[in-house]
There are 2 protein chains.
Amino acid sequence: MATIKDVAARAGVAVGTASRVLSGSPQTSPDSRSRVLAAAAELGYIANGPARSLRRARTDVLGLLVSDIRNPFFSELAHAAEQEARAHGYTVILANANEDAAQADAVLDVFASQRIDGLLLSPQGPKTPRLEALLASDLPIVLLNRSIEGVDAPLYGTDNAGGVAQALKWLQRRGHRDVAFIGGPETFSTGAERHDAYLAGREAHGICTDDALVDAGDFLADGAAEAMLRILDRGALPTAVFGANGQTTLGAMRAVHERLGAEAASLIEFVSFDDVEWFAFMSPPVSAVKNDAPEIGRAGVRGLLALINGGTATSQRIATTFIDRSAGSAA
Amino acid sequence: MATIKDVAARAGVAVGTASRVLSGSPQTSPDSRSRVLAAAAELGYIANGPARSLRRARTDVLGLLVSDIRNPFFSELAHAAEQEARAHGYTVILANANEDAAQADAVLDVFASQRIDGLLLSPQGPKTPRLEALLASDLPIVLLNRSIEGVDAPLYGTDNAGGVAQALKWLQRRGHRDVAFIGGPETFSTGAERHDAYLAGREAHGICTDDALVDAGDFLADGAAEAMLRILDRGALPTAVFGANGQTTLGAMRAVHERLGAEAASLIEFVSFDDVEWFAFMSPPVSAVKNDAPEIGRAGVRGLLALINGGTATSQRIATTFIDRSAGSAA
DNA sequence: CTGTTAGCGCCTTCAC
DNA sequence: GTGAAGGCGCTAACAG
């Protein structure tokens with residue numbers, strides 16, 4: 001693989017000149033510029049990133065740590081973040097933590113070793129040792145989606161209260177009184193915020209305040225199914241179910257189908273925080289609060305780049321959109 | 001950030017000794033070993049990856065280029081590939097090409113600059129200039145999911161013929177004769193293979209061979225919807241529809257619902273190449289050929305690592321599983 | 001505007 | 001088993 005020395009030799013200039021031309025420094029004559037560029041093209045020269053990173057003490061690489069890339073929310077977010085970063089000349093290294101603190105720490109070590117210029121973090125739970133170390137260092141960090149206690153990095157996330165309000169309004173418009181709410185873990189800020197917003201708003205929207213109708217899972221399908229079964233076991237028969245995220249809605253629906261059968265299930269309307277295209281074809285169709293995952297990813301990258309460039313970044317809540325697929329709706 | 005020099009000084013040994021200890025060389029005394037390790041821990045030492053890469057002329061980084069990370073198939077594949085790579089001490093850089101050759105080339109440049117040790121590639125279309133250059137170099141490469149003309153790198157992908165055969169058997173068992181098939185682009189090997197397997201096998205499974213029932217989209221929902229409409233416009237009224245991938249099934253279903261209404265749509269059974277959990281709750285439930293995306297990702301990484309280590313790798317077709325959700329089925 | 005050179009942090013050979 | 005030193009490819013500082 002050709003080095004800058006080869007390029008310089010072929011162009012008949014010194015390495016310094018070649019370096020200046022290739023990194024776009026203005027201090028170069030048109031003559032050497034064209035000769036260096038030509039030589040580089042002929043040799044198929046591609047700069048050695050590690051060498052450049054070593055010398056410049058920066059890598060132009062951002063680390064993105066998500067809890068589970070298979071979650072559509074995160075895969076859309078990651079996609080958008082990568083696009084935004086590349087538009088600014090940065091590369092993104094993506095890693096999963098699998099909702100596991102030990103894996104998260106292993107990944108953070110890799111990131112540290114790679115000397116990433118900044119970290120986009122969607123935290124799993126409480127602070128881990130590696131994370132503490134990173135926070136103590138001067139590595140620029142922004143939080144995505146979930147906040148974490150004792151960390152004051154800027155947060156880019158969904159407007160959970162706003163999203164729940166949209167769902168509540170829809171429930172009221174549809175005339176639902178007996179609504180089951182399946183939340184997520186209180187230890188996740190997203191779980192807590194959605195839960196709190198629901199409890200705070202239900203009465204004003206004409207929804208029964210019996211807490212027998214409220215339970216929580218773990219934001220995964222199985223946990224949500226169990227929560228739904230607990231509600232049914234208490235003798236409640238809701239006319240609508242509100243799932244606090246996509247997997248939760250899936251689990252709740254599975255529980256309802258298995259316990260009550262498809263026919264009875266079709267009498268229950270589901271609303272979901274997190275939208276899925278297939279909702280249009282369920283019976284009845286499922287309406288949903290749609291997260292703007294791409295915008296969260298882009299805003300997070302912009303904030304992080306501001307931090308990297310010595311500026312400041314402020315937390316941002318990205319608005320949700322309500323997708324109404326109920327019978328009477330225009331769509 | 002602490003360097004190996006700091007560690008050596010604190011441990012009272014030479015940098016060479018520190019390096020040997022930290023990289024697990026056996027030629028170290030227990031004494032210096034423990035002192036170096038202690039010093040490293042106290043300093044929170046994490047080796048500088050770029051410096052190490054520069055010196056060793058390898059990075060322990062693999063590049064993974066997929067056409068669209070938002071596609072669940074690829075997000076699962078990427079997740080598994082990353083896990084497998086990490087288990088072997090490698091880091092994965094993930095990038096999207098957005099089904100766009102120019103973006104793919106931009107990404108390949110970044111990969112080349114990062115001096116990745118190997119490339120996992122899910123090609124979009126024909127060879128691009130950058131890809132040609134990479135193939136000409138001695139960079140180890142494996143193909144994922146799709147093959148590409150004129151490239152003889154090992155391919156790790158779905159057993160398309162086997163998957164189609166599973167669907168055909170199911171269609172026969174369900175007694176369907178008038179089956180619509182919505183394929184993907186012939187320019188993708190996956191599209192061509194599924195299409196060919198369907199045409200070759202339909203007659204033997206008692207399915208009508210009228211080509212008015214066959215059309216192709218672009219593996220995206222909109223294109224598939226248009227293909228479905230073309231079939232309906234020809235006056236055909238299938239009792240079952242076979243979508244050649246997940247988005248295709250989505251588009252076909254949308255077209256059927258919009259054109260015929262929900263009631264008539266519920267008389268048509270859908271089968272899909274690519275499984276989605278929500279299929280269980282459609283009416284009627286959708287059966288599907290489930291790709292083993294995680295295994296494809298793992299096998300690809302294993303093959304690539306074999307190549308990197310100077311061994312050989314052979315193409316592999318990963319078996320599919322049929323998920324039968326039809327009325328009479330046990331599930 | 002250009003050439004020369006030091007040195008980023010690490011590994012590895014070469015002596016001892 | 002250990003210390004000393006060179007050099008990977010690049011950029012930036014310094015002369016000219």
Side-chain angles (χ1 to χ4, degrees), chain A residues 1-37 39-40 43-61 89 91 109-117 137, chain B residues 1-37 39-40 43-61 89 91 109-117 137:
Chain A
M1 182 132 278
T3 72
I4 199 170
K5 233 165 134 182
D6 302 325
V7 174
R10 189 174 240 271
V13 301
V15 284
T17 303
S19 171
R20 279 184 283 262
V21 168
L22 292 168
S23 45
S25 159
Q27 332 239 37
T28 53
S29 70
D31 181 47
S32 44
R33 158 168 241 81
S34 64
R35 302 176 56 181
V36 168
L37 259 21
L43 263 38
Y45 171 75
I46 296 184
N48 184 311
R52 160 180 283 170
S53 296
L54 175 59
R55 175 63 230 231
R56 303 203 313 166
R58 46 175 289 199
T59 52
D60 296 341
V61 170
T91 303
D109 267 351
V110 173
F111 281 177
S113 165
Q114 299 281 343
R115 298 294 195 266
I116 57 171
D117 287 345
S137 77
Chain B
M1 183 135 276
T3 73
I4 200 170
K5 231 166 135 183
D6 302 326
V7 174
R10 189 175 240 272
V13 299
V15 283
T17 303
S19 172
R20 279 184 280 263
V21 168
L22 292 169
S23 46
S25 159
Q27 332 238 35
T28 53
S29 70
D31 181 46
S32 42
R33 158 167 241 79
S34 63
R35 301 176 58 182
V36 168
L37 259 21
L43 263 36
Y45 171 75
I46 297 183
N48 184 311
R52 161 179 284 169
S53 296
L54 175 58
R55 176 61 230 243
R56 303 201 313 166
R58 46 175 289 199
T59 52
D60 296 341
V61 171
T91 303
D109 267 351
V110 172
F111 281 176
S113 166
Q114 300 280 344
R115 297 295 194 267
I116 57 171
D117 288 345
S137 78

Exercise. With respect to the phosphate group of dT2(C), does any side-chain polar atom (N or O) of Ser32(A) fall under 4.0 Å of OP1 or OP2?
Worked result: yes
Exercise. Below 4.0 angstrom from OP1 or OP2 of dT2(D), is there any side-chain N or O of Ser29(B)?
Worked result: yes
Over how many whole Å does the gap from [X] atom [atom1] to [N] atom [atom2] extend?
X: Asp6(A); N: dC8(D); atom1: CG; atom2: P; result: 12 Å
X: Asp31(A); N: dT2(C); atom1: CG; atom2: P; result: 8 Å
X: Gln27(B); N: dT13(C); atom1: CD; atom2: C1'; result: 12 Å
X: Arg58(B); N: dT12(C); atom1: CZ; atom2: P; result: 10 Å

Exercise. Taking atom CG of Leu22(B) and atom CG of Leu37(B), what is their separation to the nearest 0.5 Å?
Worked result: 6.5 Å
Exercise. Reading nucleotides 9-16 of chain D 5' to 3', which nucleotides get B (base under 4.0 Å from a protein heavy atom), which S (sugar-phosphate only), which -?
Worked result: BBBBB---
Exercise. Do Ile4(A) and Tyr45(A) have side-chain heavy atoms sitting under 4.5 Å apart?
Worked result: yes
Exercise. Would you say the side chain of Thr91(B) lies within less than 4.5 Å of the side chain of Asp60(B), judging by non-hydrogen atoms?
Worked result: no
Problem set entry | Stepwise side-chain contact (heavy atoms from CB on, under 4.5 Å) check, Val61(B) with Asp117(B) | CA-CA 6 Å; Val61(B) 171; Asp117(B) 288 345; 5.9 Å; no
For this session: Not counting sequence neighbours, which residues clear side-chain contact (heavy atoms from CB on, under 4.5 Å) with Arg20(B)? List them please.
Result: Thr17(B), Ser25(B), Thr28(B)
For this session: Could you walk me through whether Arg33(A) and Asp31(A) pass salt bridge (charged side-chain N to carboxylate O under 4.0 Å, His left out), step by step?
Result: CA-CA 5 Å; Arg33(A) 158 168 241 81; Asp31(A) 181 47; over 6 Å; no
Exercise. What is the nucleic acid contact for Ser53(A), judged by heavy atoms within less than 4.0 Å: base, sugar-phosphate only, or nothing?
Worked result: nothing
Problem set entry | Derivation and outcome, side-chain contact (heavy atoms from CB on, under 4.5 Å), residues Ile46(B) and Arg115(A) | CA-CA 10 Å; Ile46(B) 297 183; Arg115(A) 298 294 195 266; 4.0 Å; yes
Problem set entry | Relative orientation of the end axes in the helix from dC1(C)-dG16(D) to dC16(C)-dG1(D), expressed as an angle to the nearest 10° (five pairs per end) | 40°
Problem set entry | Expected output: side-chain Ser23(B) to main-chain Ser19(B) donor-acceptor under 3.5 Å | yes
